[in-house]
Amino acid sequence: MDERNLTYRDYAAFARMSDEQIARDCEVQVFRATGPGGQGVNTTDSAVRMRHVPTGIVVVSREERSQLRNKERCIEKIREICRRRGRPPRPRKKTRVPAGQKQRRLEDKRARGQVKQLRRRVDGE
């Protein structure tokens, strides 16, 4: 998928669109569904793949026998994805590292430095 610079506000606007508006922005492909359904599956192009061009979202529906109902399901799926992506991000809460934790980390670093210091070769012998 090519990278689009869409914000959560853009996705929320797409989620509020009507079915007709969403369908107008989509590229539709129909094909034969697989799985149960007998001979009906093998003879009709009832499965639908929709690509929402502005967002790049691609969905597939092959649950129903009817091509029309599968198109409707695709539109519902696109709207649901847009609704999910349209939620504003949670505000980040700044956290502070406790003084005791900082002190322990510095003590550990000093102890590690001492261990490395003791590994060095002693000169003068």
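Taking all atoms of both residues into account, the shortest heavy-atom contact from C74 to V48 is SG-O, 3.6 Å.
Taking CG of D25 as the start and CZ of F14 as the end, the distance is 6.5 Å to the nearest 0.5 Å. Separation of atoms CE (M50) and CD1 (I78) is listed at 5.5 Å; rounding is to 0.5 Å. Note that the CZ atom of R65 and the CG atom of L68 stand 16.0 Å from one another [nearest 0.5 Å]. Taking CD of E64 as the start and CZ of R69 as the end, the distance is 5.0 Å to the nearest 0.5 Å.
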Taking only distance into account, with no hydrogens and no angle test, what donor-acceptor pairs under 3.5 Å do side-chain atoms of residues 15-22 form with protein atoms, sequence neighbours excluded?
{"residue": "S18", "atom": "OG", "partner": "E20", "partner atom": "OE1", "Å": "3.4"}
{"residue": "S18", "atom": "OG", "partner": "Q21", "partner atom": "N", "Å": "3.3"}
{"residue": "S18", "atom": "OG", "partner": "Q21", "partner atom": "OE1", "Å": "3.4"}
{"residue": "D19", "atom": "OD1", "partner": "R79", "partner atom": "NH1", "Å": "2.7"}
{"residue": "D19", "atom": "OD1", "partner": "R79", "partner atom": "NH2", "Å": "3.2"}
{"residue": "Q21", "atom": "OE1", "partner": "S18", "partner atom": "N", "Å": "3.0"}

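Between the E27 side chain and the H52 main chain, no donor and acceptor come within less than 3.5 Å of each other. Proximity of a side-chain donor or acceptor of N70 to a complementary backbone N or O of S46 within less than 3.5 Å is detected.
Within the 4.5 Å cutoff, side-chain heavy atoms of E80 are placed close to those of R84. Inter-residue side-chain proximity for C26 and V53 is flagged as unmet; no heavy-atom pair is nearer than 4.5 Å. Side-chain contact between R112 and D108 is absent, with no heavy atoms from C-beta onward closer than 4.5 Å. Counting heavy atoms from C-beta outward, V60 and F31 have side chains that approach closer than 4.5 Å. When side chains are defined from C-beta on, V28 counts as touching K71, because their heavy atoms get closer than 4.5 Å. Side-chain contact between I57 and R51: absent, with no pair of heavy atoms (C-beta onward) separated by less than 4.5 Å.
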| task | Decide side-chain contact (heavy atoms from CB on, under 4.5 Å) for R49 and V59; before the verdict, give the C-alpha distance in whole Å, the side-chain angles of both, and the deciding distance to 0.1 Å. | result | CA-CA 6 Å; R49 181 182 302 115; V59 293; over 6 Å; no
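The stretch residues 94-103 participates, sequence neighbours left out, in no salt bridge (charged side-chain N to carboxylate O under 4.0 Å, His left out) pair at all. For the ring-ring contact (aromatic ring centres under 6.0 Å, His included) condition, no pair includes a residue of residues 82-118, sequence neighbours left out.
Not counting sequence neighbours, the partners of E63 by the side chain to side chain donor-acceptor pair (under 3.5 Å) test are S61, K77. Scored by the side chain to side chain contact (heavy atoms under 4.5 Å, CB included) test, Q117 finds R120 as partners (sequence neighbours excluded). Residues passing the side chain to side chain donor-acceptor pair (under 3.5 Å) test with T7 are D10, sequence neighbours excluded.
The environment of E107 atom CD is dense: over 12 non-hydrogen atoms of other residues, nucleotides or ligands sit within 6.0 angstrom.
Placement of V58 and V30 in two distinct hydrophobic clusters is found when ILVMFWY residues are connected by side-chain heavy-atom separations under 4.5 Å, directly or transitively.
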